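Here's the structure we're looking at; comments come further down.
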Amino acid sequence: MSIKFNYKKYRRLLREIPKVHGAKASIVRLKLTDFIIYNHVELFAGPNVNFIIGPNGIGKSTIVCAICLGLAGKPKLLGRASGLKEYIRRGCHQATIEIELFNPLSVSGMERNYVVKRVIQETVSKEKGLKDKDKSTVSSEWYWNGRRVPEKE
């Protein structure tokens, strides 16, 4: 038994998808855990223009920071904090940013959406010879569709 692939139908499907579901690599979902002011939040974006509105201090800029940092942006670019440590929620040692990006082939069931995940971790250790002095280092782990990858990838 042979299966014939219909290229005309496939190309037509790809042309129609962005009109209904959004452009390729547009944000579908944003999930934050222990990031700045958010303990846990999951936001879903529509295929067209999305607005984030609300009173001052509710976390609109935090969402923009998460998108930037989750897509390999640097803290200096944001002008909010000098290092990654300030993006971890107070009292926590780890923050997670997960961004789901639209893949047109996901509509046809051929593939899944792309998922980029950044885990920002603070490691605290006692310095030898100094009383009550903690030394902390901050690192990031990157994941692409659940697979650990280097930041460059």
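Since this is a predicted model, take the numbers as computed values, not measurements. Computed over heavy atoms, backbone and side chain alike; hydrogens, waters and symmetry mates excluded.
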Intermediate values then yes/no, side chain to side chain contact (heavy atoms under 4.5 Å, CB included), Val28 and Tyr114:
CA-CA 10 Å; Val28 175; Tyr114 310 114; over 6 Å; no

Using side chain to side chain contact (heavy atoms under 4.5 Å, CB included), reason through Val119 and Tyr143 one step at a time and then give a plain yes or no.
CA-CA 8 Å; Val119 178; Tyr143 298 87; 3.9 Å; yes

Just do the side chain to side chain contact (heavy atoms under 4.5 Å, CB included) check on Leu77 and Cys68 with the steps written out, would you?
CA-CA 9 Å; Leu77 177 68; Cys68 182; 3.6 Å; yes

Chi angles and distances behind the side chain to side chain contact (heavy atoms under 4.5 Å, CB included) call for Ser140, Glu151
CA-CA 9 Å; Ser140 287; Glu151 178 182 1; over 6 Å; no

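The distance from atom CD of Glu100 to atom CZ of Phe44, rounded to the nearest 0.5 Å, is 8.0 Å. Atom CD1 of Ile99 is separated from atom CG of Leu71 by 4.0 Å, given to the nearest 0.5 angstrom. Atoms CD1 and OG1, from Ile97 and Thr33 in turn, are 10.0 Å apart once rounded to the nearest 0.5 Å.
Side chains of Lys117 and Thr96: no donor on one and acceptor on the other come within 3.5 Å.
With Asn50 contributing its side chain and Ala45 its backbone, the two residues share no donor-acceptor pair below 3.5 Å. No donor-acceptor pair closer than 3.5 Å links the side chain of Lys76 to the backbone N or O of Gly83.
With respect to Val115, the side chain to side chain contact (heavy atoms under 4.5 Å, CB included) criterion is satisfied by exactly one of Lys31, Glu98, Arg147: Glu98.
If you chain together hydrophobic residues whose side chains sit under 4.5 Å apart, Leu105 and Trp144 never meet in one group. Put simply, Val64 and Leu32 are part of two different groups of oily side chains (I, L, V, M, F, W, Y) that touch within less than 4.5 Å, one to the next. The hydrophobic cluster containing Phe102 does not contain Leu43, counting ILVMFWY residues as joined when their side-chain heavy atoms lie under 4.5 angstrom apart, directly or transitively.
Within the 4.5 Å cutoff, the side chain of Phe35 has heavy atoms near those of the Thr62 side chain. Leu84 has its side chain out of reach of Ile88: every pair of non-hydrogen atoms, C-beta onward, lies at least 4.5 Å apart. Proximity of His93 to Gln121: side-chain heavy atoms (C-beta onward) are nowhere separated by under 4.5 Å.
Scanning all heavy atoms of the two residues, the minimum distance from Ile37 to Ile58 falls at CD1-O, 3.5 Å. A pairwise comparison of heavy atoms in Asn145 and Asn113 identifies OD1-O, 3.5 Å as the closest pair. In this structure, Arg80 and Cys65 approach most closely via the heavy-atom pair CD-SG, 3.7 Å. Of all heavy-atom pairs spanning Ile36 and Glu86, the tightest one is CG1-O, 4.4 Å. The nearest pair of heavy atoms linking Arg89 to Tyr38 is CD-O, 3.5 Å. Scanning both residues, Leu69 and Pro75, for their nearest heavy atoms gives CD2-N, 3.9 Å.
A salt bridge links Lys85 to Glu122: at least one charged side-chain nitrogen sits closer than 4.0 Å to a carboxylate oxygen. A salt bridge does not link Glu141 to Arg118: none of the charged side-chain nitrogens sits closer than 4.0 Å to a carboxylate oxygen.
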